[in-house]
**Student:** 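Pasting a structure here, questions to come.
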Amino acid sequence: QVQLVESGGGLVQAGGSLRLSCAASGRTFSSSAMGWFRQAPGKEREFVAGFSRSGSSTYYADSVKGRFTISRDNAKNTVYLQMNSLKPEDTAVYYCAASSLGITLATTISNWGQGTQVTVSS
């Protein structure tokens, strides 16, 4: 089991940047696929970015490619999401996720963080 705690959300103007952090506890962090999802009001939770279990592959939703960057520090058991050129449509609750399988589908996620709100004003 992996326990996940997100931080770093907040209010930012369009075009600004934020960095989210996800601190993980549990001995399976380094062998888990890790990533980020988001959920806007009235919408389904959607994949944003993620690492494969080996950490050698990264995946991004088309809507964030070129603007968001995911990284991880295995020594600190932490995953980051650097978000640049933010848009109002990026407004959502962002969730850290861990999986023993794939990371791009919400149905394969075994552990979720509590979520952190990101609000982008126009």
Side-chain angles (χ1 to χ4, degrees):
Q1 284 288 339
V2 179
Q3 292 77 44
L4 308 171
V5 178
E6 303 99 333
S7 62
L11 173 65
V12 65
Q13 288 188 335
S17 299
L18 282 174
R19 189 176 82 154
L20 306 182
S21 299
C22 172
S25 60
R27 56 188 175 89
T28 59
F29 171 82
S30 61
S31 62
S32 297
M34 300 292 299
W36 294 90
F37 284 71
R38 66 187 181 186
Q39 187 166 19
K43 295 187 176 182
E44 292 187 355
R45 194 169 295 189
E46 64 175 3
F47 170 75
V48 176
F51 278 105
S52 61
R53 285 183 61 191
S54 68
S56 60
S57 298
T58 54
Y59 310 98
Y60 293 93
D62 288 343
S63 59
V64 307
K65 280 182 182 176
R67 301 188 298 122
F68 291 11
T69 303
I70 190 170
S71 61
R72 66 191 291 170
D73 185 337
N74 284 345
K76 295 182 178 180
N77 281 9
T78 301
V79 176
Y80 304 98
L81 185 67
Q82 178 66 43
M83 305 185 294
N84 298 329
S85 301
L86 283 161
K87 305 175 181 180
E89 50 264 44
D90 294 318
T91 295
V93 177
Y94 283 70
Y95 296 91
C96 185
S99 172
S100 59
L101 302 171
I103 194 61
T104 61
L105 297 177
T107 52
T108 65
I109 302 303
S110 54
N111 300 90
W112 294 99
Q114 83 285 358
T116 184
Q117 177 69 47
V118 171
T119 303
V120 184
S121 63
S122 57

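Since we're looking at a predicted model, the values are computed, not measured.
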**Student:** Find out if a path of hydrophobic residues (ILVMFWY) with successive side-chain heavy-atom gaps under 4.5 Å connects W36 to F51.
**Tutor:** yes
**Student:** Compare every heavy atom of S99 with every heavy atom of L101, then report the nearest pair and how far apart it is.
**Tutor:** N-OG, 2.8 Å
**Student:** Report the distance from atom CG of L86 to atom CZ of R67, rounding to the nearest 0.5 Å.
**Tutor:** 6.5 Å
**Student:** How far does OG of S52 sit from CD1 of I103, to the nearest 0.5 angstrom?
**Tutor:** 10.0 Å
**Student:** Could you walk me through whether F37 and V93 pass side-chain contact (heavy atoms from CB on, under 4.5 Å), step by step?
**Tutor:** CA-CA 8 Å; F37 284 71; V93 177; over 6 Å; no
**Student:** Establish whether L4 and F47 are linked, either directly or via other cluster members, by ILVMFWY side-chain heavy-atom contacts under 4.5 Å.
**Tutor:** no
**Student:** Any heavy-atom pair between the side chains of R38 and S63 that's under 4.5 Å?
**Tutor:** yes
**Student:** Hydrophobic clusters here meaning ILVMFWY residues chained together by side-chain heavy-atom distances under 4.5 Å, can you tell me if I70 and Y95 are in one?
**Tutor:** no
**Student:** Is the CD atom of E44 crowded by more than 12 outside heavy atoms at less than 6.0 Å?
**Tutor:** no
**Student:** Where is the tightest heavy-atom contact between M34 and A98, given as atom of each residue plus distance?
**Tutor:** SD-CB, 3.5 Å
**Student:** Provide the closest heavy-atom pair for A14 versus P88 in the form atom of the first, atom of the second, distance.
**Tutor:** CB-CD, 4.1 Å
**Student:** Salt-bridged, K87 to D90, with N to O below 4.0 Å?
**Tutor:** no
**Student:** Going by heavy atoms in the side chains, are L20 and M83 under 4.5 Å from each other?
**Tutor:** yes
